[in-house]
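Both counts, for ligands and for their atoms, begin at 1 and track the order of listing. All values derive from a computational prediction rather than experimental measurement. Numbers for residues simply follow the sequence, beginning at 1.
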Amino acid sequence: MGLYKIKSYGCQMNERDAETLAGILCQHGYKETEEFEDADIIILHTCCVRESAENKILGKIGELKHLKEKKPELIIGVCGCMVQQPEAADKLKARAPHVDIIFGTHNLHQLPEFITQVKEFDQQITSVWSKEGEIVEDLPSMRKDKIKAYVNISYGCDNFCTYCIVPYVRGRERSRKPEAIIAEINKLKAEAFNEVMLLGQNVNSYGKDLEQKMDFADLLRKIDAETEMPRIRFMTSHPRDFNRKTVEAIAESDSVCPQIHLPIQAGSDRILKKMNRGYTREEYLELIDMIKEILPEASLTTDIIVGFPGETEEDFEFTLEAVRRAEYDNAYTFMYSKRSGTPAAEMIEQVEEQIKKDRLHKLIEVQNEISYKKNKPLLGKKVTVLVEGVSKGNPDKLAGRTSTNKIVTFAADRSLIGKFVDVEITETKTWSLEGTLF
Ligand code: SAH
Ligand code: SF4
Ligand code: F3S
């Protein structure tokens, strides 16, 4: 019937949604192609968390114009977070008449109807639901990977951090029923998957909207008890709702990996308050101490924004100090990006680009040193690795991850891909480890 190409930007939520889009297209007879030029339908699945993401996507939309001119029957769809912003769909409609279908994050499942309509009436379709609907279960899906899978546990976000667009484009927080989550994980296990990443913008507030009394720690225990999935990971944790009960559940379960992604965003109480994060630096660091006490082997990662409106050199120093104290294994660092419609975009003391850049470089430098130092004690240690595939940097080697999510490369036969192996670490680097099969 035709070939499809989906280009997905943004976070794991989008990656997972892209698998649903792919599933829907396959169910309707389309097959995947790698090349935009070969496609009969192209879907750009957008992100708007930072301006840089949006600019990249707008550029890509522009590029597709000549493809449409060459092949008028080509269907181009733009969907996801970017078009969910107020007026974005209308602007896009006017700016890019070569786009056939514009749809949002809440109505991805309507794609087949839109395709039929475009084919029938040959007119531009814009359909963006302003509000989230009920969770739609059992949509088809074409998983990207055969070893690791994403499983949503909740959708949307109610936190409204003042810099962040996500709650506006992803709607209110909705938790999936535990039974649906368990069933999906069991199905994945039957399909030979060995690792699941549970997804939610704030996994720690899971269950608040459910009728049954169940929180995130209960969910972890239930998954551990009722599925045979060897490895369970989860993201993202929010310090406001993160608690000891969750860490104890990880410590007492066989499958939940000792890996916690706990975004701090900033180290200054003044900035944290302006960000509406709901915790102070000390409260955050107490959580880190608690994790280290109960789960000393856990790896810790974080997200940090530099240059939030009003951030002074002193505020930034607090961030560096917190980073040094928390000793993260890795940090995802961003320069603050103004998102229209969010409260922070209206704050008057916007920080200069050059200052943001300088702070980002300094922060990365400090973190890299810590990452390198934290990997060093692994030298000579035996670790269990789930083999994910051929190493990107060295095709003669395989690469996999430890339970703490560290990348390990080692020489071994490709038949081991998808399996667990023991590896002795022979060299430690900043972002990865080298080893030999044990
Ligand atoms: N729900 C998750 C992830 C949200 S988006 C969480 O709360 O951590 C991923 C990261 O993007 C955020 O953690 C934040 O560090 C960053 N981010 C979000 N909005 C941003 C903005 N306007 N400018 C720069 N970084 C931003
Ligand atoms: Fe954005 Fe904050 Fe929600 Fe994360 S918790 S998605 S940063 S509003
Ligand atoms: Fe981007 Fe939407 Fe995710 S804005 S970060 S794709 S939730």
Side-chain angles (χ1 to χ4, degrees), residues 7-18 21 44-57 78-85 88 104-106 108 132 150 152-174 197-206 234-242 260-267 271-272 274-279 284 301-309 311 319 323 328 330-347 350-351 353 356-357 359-360 363:
K7 173 84 182 142
S8 192
Y9 301 83
C11 66
Q12 290 84 355
M13 298 282 169
N14 256 20
E15 279 184 53
R16 178 70 195 109
D17 283 349
L21 289 168
L44 293 187
H45 187 209
T46 64
C47 169
C48 55
V49 76
R50 281 171 290 276
E51 198 182 4
S52 51
E54 275 200 313
N55 288 341
K56 204 158 64 182
I57 296 163
V78 178
C79 67
C81 295
M82 201 169 112
V83 296
Q84 200 73 46
Q85 299 172 98
T105 55
H106 303 312
L108 295 182
E132 65 283 352
Y150 291 125
N152 295 104
I153 64 164
S154 59
Y155 300 91
C157 181
D158 287 350
N159 283 297
F160 291 96
C161 304
T162 53
Y163 50 80
C164 185
I165 195 77
V166 172
Y168 303 90
V169 296
R170 285 280 177 169
R172 298 290 57 74
E173 189 176 280
R174 290 95 70 204
M197 170 72 90
L198 307 174
L199 295 181
Q201 296 293 357
N202 172 2
V203 292
N204 309 103
S205 60
Y206 173 82
F234 57 88
M235 73 186 298
T236 296
S237 294
H238 195 302
R240 194 199 313 247
D241 301 297
F242 191 83
I260 297 168
H261 181 61
L262 192 65
I264 183 171
Q265 308 297 3
I271 297 296
L272 285 168
K274 284 179 76 173
M275 286 179 162
N276 186 31
R277 289 290 290 178
Y279 52 87
Y284 178 92
T301 54
T302 201
D303 289 350
I304 302 170
I305 297 174
V306 298
F308 183 83
E311 184 186 73
T319 297
V323 165
Y328 299 110
N330 203 352
Y332 301 88
T333 50
F334 310 101
M335 287 192 282
Y336 168 73
S337 166
K338 212 166 159 179
R339 301 288 65 207
S340 124
T342 63
E346 307 299 319
M347 293 179 187
Q350 298 288 332
V351 175
E353 282 307 297
K356 287 188 205 171
K357 277 188 196 152
R359 287 183 188 161
L360 188 73
L363 176 61

Q. At what distance is the nearest protein heavy atom to atom 14 (C) of ligand 1, and which residue and atom is it?
A. Gln265 OE1, 3.5 Å
Q.
Taking the six-membered ring of Tyr336 as reference, does the cationic atom of Lys338 (NZ for Lys, CZ for Arg) lie under 6.0 Å from its centre and within 45° of its axis?
A. no
Q. For Asp303, is at least one N or O under 3.5 Å away from an N or O on ligand 1?
A. yes
Q) Is ligand 1 under 4.0 Å from a heavy atom in the side chain of Arg50, in the backbone, in both, or in neither? A) side chain
(Q) Looking only at protein heavy atoms, which one is nearest to atom 3 (Fe) of ligand 2, and what is the separation? (A) Cys157 SG, 2.3 Å
(Q) Run Thr333 and Val306 through side chain to side chain contact (heavy atoms under 4.5 Å, CB included) and show every step you take. (A) CA-CA 8 Å; Thr333 50; Val306 298; over 6 Å; no
Q) Can you list the ligand 1 atoms lying under 4.0 Å from a non-hydrogen atom of Tyr336? A) 23 (N), 24 (C)
**Q.** Greater than 12 external heavy atoms within 6.0 Å of Glu51's CD
**A.** no
**Q.** Short side-chain to backbone donor-acceptor contact, Thr236 and Asn202, under 3.5 Å
**A.** no
Q. Atoms of ligand 2 less than 4.0 Å from Phe160 heavy atoms?
A. 8 (S)
Q. Is ligand 3 under 4.0 Å from a heavy atom in the side chain of Asn14, in the backbone, in both, or in neither?
A. side chain
Q | Side-chain (Asn159) to main-chain (Arg277) donor-acceptor, under 3.5 angstrom | A | no
Q. Counting only N and O atoms by type, is there a donor-acceptor contact under 3.5 Å from the side chain of Ser154 to the main-chain atoms of Arg174?
A. no
(Q) Quick one: does any side-chain atom of Gln84 pair with a main-chain N or O of Thr105 as donor and acceptor, under 3.5 Å? (A) yes
Q) Which heavy atom of the protein is the closest neighbour of atom 1 (Fe) of ligand 3, given with residue, atom name and distance? A) Cys47 SG, 2.3 Å
Q: With heavy atoms of Cys81 as the reference, note each atom of ligand 3 found under 4.0 Å away.
A: 2 (Fe), 4 (S), 6 (S), 7 (S)
**Q.** For Val166, atoms of ligand 2 separated by under 4.0 Å from a heavy atom
**A.** 6 (S)
Q) Can you check whether Thr236 has an N/O within less than 3.5 Å of an N/O in ligand 1? A) no
**Q.** Side chain, backbone, both or neither: Arg170 near ligand 3, heavy atoms under 4.0 Å
**A.** side chain
Q. At under 4.0 Å between heavy atoms, which part of Pro263 makes contact with ligand 1: side chain, backbone, both or neither?
A. side chain
(Q) Residue-level breakdown please: for Lys338 versus ligand 1, do any non-hydrogen atoms fall below 4.0 Å on the side chain, on the backbone, on both, or on neither? (A) neither
Q: Could you check whether the rings of Tyr332 and His261 sit parallel, tilted or perpendicular, using 30° and 60° as the cut-offs?
A: perpendicular
Q.
Heavy-atom pairs closer than 4.0 Å: do any link ligand 1 to the side chain of Gln201, the backbone, both, or neither?
A. both
**Q.** atom 2 (Fe) of ligand 2 to nearest N/O/S of His238 less than 2.8 Å
**A.** no
Q.
If the cut-off is 4.0 Å to any non-hydrogen atom of Tyr163, which atoms of ligand 2 fall inside it?
A. 7 (S)
Q: For Pro167, take its heavy atoms, then give the atoms of ligand 2 lying under 4.0 Å from any of them.
A: 8 (S)
Q.
Could you check whether any side-chain N or O of Glu173 sits under 3.5 Å from a backbone N or O of Pro167, counting only pairs where one atom can act as donor and the other as acceptor?
A. no
Q) atom 4 (Fe) of ligand 2: which protein heavy atom is closest, and how many Å away? A) Gln201 O, 4.3 Å
Q.
Taking 4.0 angstrom as the limit and counting only heavy atoms of Ile305, give me the atoms of ligand 1 inside it, by number and element.
A. 14 (C), 15 (O), 17 (N), 25 (N), 26 (C)
Q) Which protein non-hydrogen atom lies closest to atom 2 (Fe) of ligand 2, naming both residue and atom, and how far is it? A) Cys161 SG, 2.2 Å
Q) Any side-chain heavy-atom pair from Ile304 and Ile264 closer than 4.5 angstrom? A) yes
Q: Just jot down the ligand 3 atoms closer than 4.0 angstrom to any heavy atom of Gln201, in number order.
A: 7 (S)
Q.
Considering non-hydrogen atoms of the protein only, which is the closest contact for atom 24 (C) of ligand 1, and what is the distance?
A. Met335 O, 3.3 Å
Q. What do we get for Tyr163 next to ligand 1 when only non-hydrogen atoms under 4.0 Å count, side chain, backbone, both or neither?
A. both
Q: Would you mind checking which non-hydrogen protein atom is closest to atom 23 (N) of ligand 1, with the distance to 0.1 Å?
A: Ser337 N, 2.9 Å
Q.
Only heavy atoms of Val49, strictly under 4.0 Å: list the atoms of ligand 1 that pass.
A. 5 (S), 18 (C), 19 (N), 20 (C), 21 (C), 22 (N)
Q | Proximal atoms of ligand 1 relative to Arg339 (non-hydrogen, under 4.0 Å) | A | 22 (N)
Q | atom 1 (Fe) of ligand 3 contact by Cys11, N, O or S atom under 2.8 Å | A | no
Q: Any atoms of ligand 2 less than 4.0 Å from a non-hydrogen atom of Arg277? List them with their elements.
A: 2 (Fe), 7 (S)
**Q.** For Cys164, atoms of ligand 2 separated by under 4.0 Å from a heavy atom
**A.** 1 (Fe), 6 (S), 7 (S), 8 (S)
